[in-house]
Amino acid sequence: MAELSWLAIVFLVLHWSAVVAFSVRVIMRRRPVGVLLAWMAMILSVPVLGILLYLFIGENRISRTYLKRGLAIREQYEEWRSSLCEEVQIDWSVINAEALPIQRQSQSMLGFPAMGGNRLMLLTHYEPIFKAIIDDIGRSRSSCHLEFYIWNAGGLADRLEAALIQAAGRGVACRLLLDAVGSKPFLRSSSIKTLKAAGVEIGVVLPTGVFSALFSRADLRNHRKAVVIDGEIGYTGSQNLVDPRYFKQDSGVGQWVDAMIRVEGPVVEALAGTFIQDWEIATGTGYRYFRESRDLECFERRGEAVTQLVPSGPQPRPLAILQLVLSTIYAARRELIITTPYFVPDESVLTALISAAHSGVEVTLILPEKNDSVLADYASRAVFDDLLTAGVRIAGFRGGLLHTQSITVDGEFSLFGSVNLDMRSLWLNFELSLFVYDTAMTGEIRALQLEYLRSSVMIDASTRSNLSVSRRFLENAAHLVAPLL
């Protein structure tokens, strides 16, 4: 019995020492208050599990390999990026004045200027998206660079795979960059061997494992979607390399609904350079090789649209996209329309939306009526009452899982890409967005948003008032852990 008592005392001493040590560590990180309190509650209430969770996902630790490779090309990359400024020829007098501070803020934080002379095409359905990419790969002459979070075999994704194999057979340099977690099943499939045998180079972003998770955060993911063909044609948006007819059919949310923008013009160079940086960091194959290719050359004007590429992530400016989204919301004077599949805002985004509505801006949120993430759905709905009370319109899209990420401001400029309005996208993931300072393209994006709205049902305060106490408790409980999602 005495031995058991001593063991209990030793365990308690070790236990509380660990709790105190990690509590101090959390406090010294000076995280947002909501995140800090959530982690403190987790560590104190379930200490062993809480500490283990904090070790794995509590800090934005990136692998030493990633940081080392990024540092190796930093000087060359920044030299190239600064040269983009020489290509900017924009008449800001014809663009909404509220957009100018946003583009300055973005350039100051991330280094990419707004670039004029682009031709943009909005693709609003998976079939034309795949057809356009496959056709461009079929016409490629020098390179096909693709970067995606998810590749899921089946349907049109298989046709795209065949197009890549054929391009590689013609001598086109084909490179495919996939996230290690998002594309895990595909990376283990026979398709990878087939692609490699055909000459397609495969890069895996942020590989994970039990051992590596001790030194780098396993859930920091590359959520970007990008295609660059011959350094002249680019694509970005929300579409993964998945045919929605073959993807998550058992989730009960319907087919995923996505959109992409096809772009030609100077901004494609910025998209190409971002891919090259991601490829170098993932594979370490050498920046100079790409510097000698045609992908980092300025191409002639193809249109009139002014566009700014915004790559974001936990490095080097962790909160850049959050700050830019806030600036975008506060820039609205008449109308703000947002579509996002995952809506789990932090206090700053929630306050911005409520402030916009109170100031007379017509704010509309279009979200999927059914979501594939139950926890995110509950956490999202916990803030509906505050938004509805302020006058924000909330619509539940009934045509499938709405996955298009877009924001339009006063019908004059817009944000379009891979960023969700949740803390994972705004704080953690590597994302890719286009800031579009063009009324014509913004008008097309807004028209698409209104099309989604017509396929939605409005959520009103009276419906919310009839919720059971147990339902409200579950929503509020999910909201408590929202900073950890």
Side-chain angles (χ1 to χ4, degrees), residues 121-138 144 146-167 174 176-179 181-195 200 202 221-227 229 235-262 339-342 366-374 376-377 395-406 416-418 420 445 448-449 451-457:
M121 178 188 297
L122 181 64
L123 302 168
T124 63
H125 191 262
Y126 75 91
E127 288 180 325
I129 291 171
F130 271 96
K131 182 181 185 303
I133 296 174
I134 291 169
D135 288 348
D136 284 332
I137 291 173
C144 295
L146 290 79
E147 178 175 2
F148 285 89
Y149 176 59
I150 301 174
W151 185 321
N152 185 76
L156 292 174
D158 292 348
R159 286 182 54 191
L160 192 147
E161 178 184 336
L164 271 181
I165 291 171
Q166 290 173 6
C174 296
L176 177 62
L177 195 55
L178 298 173
D179 183 81
V181 173
S183 297
K184 187 175 181 179
F186 185 79
L187 289 168
R188 292 181 172 180
S189 71
S190 60
S191 291
I192 289 297
K193 293 180 180 179
T194 303
L195 286 164
V200 178
I202 309 293
R221 307 315 320 157
N222 187 318
H223 195 238
R224 295 172 178 174
K225 292 93 179 173
V227 177
I229 308 294
Y235 292 82
T236 194
S238 65
Q239 178 77 53
N240 284 293
L241 286 181
V242 300
D243 186 324
R245 298 169 299 177
Y246 297 83
F247 184 63
K248 290 192 174 183
Q249 290 298 294
D250 58 349
S251 62
V253 298
Q255 292 184 6
W256 288 42
V257 177
D258 285 287
M260 295 283 271
I261 284 181
R262 182 183 187 274
T339 68
T340 181
Y342 308 108
I366 308 174
L367 315 172
E369 186 180 39
K370 297 180 180 179
N371 205 297
D372 64 325
S373 172
V374 175
D377 184 53
F397 179 73
R398 287 184 163 179
L401 192 140
L402 178 59
H403 193 245
T404 302
Q405 292 106 347
S406 65
F416 185 90
S418 67
N420 297 306
I445 296 172
L448 177 62
Q449 292 175 324
E451 184 180 324
Y452 293 151
L453 190 60
R454 286 190 289 272
S455 300
S456 303
V457 59

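Counting from 1, the numbers follow the sequence of the chain as shown.
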Participant: So, taking the atom named NZ in K248 and the one named CG in L401, what distance separates them when rounded to the nearest 0.5 Å?
Facilitator: 8.5 Å

Participant: How far apart are the closest heavy atoms of Y126 and P244, and which atoms are they?
Facilitator: CD2-CG, 3.4 Å

Participant: Please enumerate all residues that pass ring-ring contact (aromatic ring centres under 6.0 Å, His included) together with F416, with sequence neighbours excluded.
Facilitator: none

Participant: Under 3.5 Å, side chain of T236 to main-chain N/O of K225, donor-acceptor pair present?
Facilitator: yes

Participant: Taking all heavy atoms of Q239 and all of F148, pick out the closest pair and write down the distance.
Facilitator: O-CE2, 3.1 Å

Participant: Check whether S183 reaches the backbone of Y149 with its side chain - one donor and one acceptor, N or O, closer than 3.5 Å.
Facilitator: yes

Participant: Answer yes or no: does atom CZ of R159 have more than 12 heavy-atom neighbours from other residues, nucleotides or ligands under 6.0 Å?
Facilitator: no

Participant: Would R245 and L156 satisfy side-chain contact (heavy atoms from CB on, under 4.5 Å), going step by step from the backbone distance to the final call?
Facilitator: CA-CA 9 Å; R245 298 169 299 177; L156 292 174; 4.0 Å; yes

Participant: Could you grab the distance from atom OG of S191 to atom CH2 of W151, nearest 0.5 Å is fine?
Facilitator: 7.5 Å

Participant: Return the minimal non-hydrogen interatomic distance between P341 and T404, and the atom names on each side.
Facilitator: CD-O, 4.2 Å

Participant: Counting distance only, does the side-chain N/O of D258 pair as donor-acceptor with the main-chain N or O of N240 below 3.5 Å?
Facilitator: no

Participant: Within this structure, what is the OG-CG distance for the pair S456 and L402, rounded to the nearest 0.5 Å?
Facilitator: 7.5 Å

Participant: Can you check whether Q449 reaches L453 side chain to side chain, under 4.5 Å on heavy atoms?
Facilitator: no

Participant: Can you name the closest pair of heavy atoms from L176 and L195 and give their distance?
Facilitator: CD2-CD1, 4.2 Å

Participant: Kindly indicate, with the supporting measurements, whether the criterion side-chain contact (heavy atoms from CB on, under 4.5 Å) is fulfilled by L187 and I202.
Facilitator: CA-CA 9 Å; L187 289 168; I202 309 293; 4.3 Å; yes

Participant: For Y235 versus L123, what's the shortest heavy-atom pair and its separation?
Facilitator: CE2-CD1, 3.8 Å

Participant: Rounded to the nearest 0.5 Å, how far does OG1 of T339 lie from CD1 of I366?
Facilitator: 6.5 Å

Participant: Which heavy-atom pair separates I229 from D136 by the least distance, and what is that distance?
Facilitator: CG2-O, 3.6 Å

Participant: Distance check, rounded to the nearest 0.5 Å: L122 atom CG versus R262 atom CZ?
Facilitator: 13.0 Å

Participant: Between N222 and D179, is there a donor-acceptor pair closer than 3.5 Å when you use the side chain of the first and the backbone of the second?
Facilitator: no

Participant: With side-chain contact (heavy atoms from CB on, under 4.5 Å) as the criterion, how do V253 and N371 come out once you've worked through the C-alpha distance, each side chain's angles and the decisive distance to 0.1 Å?
Facilitator: CA-CA 6 Å; V253 298; N371 205 297; 5.6 Å; no

Participant: Nearest 0.5 Å, please: how far is CD1 in I134 from CD1 in I129?
Facilitator: 11.5 Å

Participant: Quick one: does N152's side chain get under 4.5 Å of F186's, heavy atoms only?
Facilitator: no

Participant: Going by ring-ring contact (aromatic ring centres under 6.0 Å, His included), name the residues that satisfy it together with W256, two or more places apart in sequence or in a different chain.
Facilitator: F247, H403

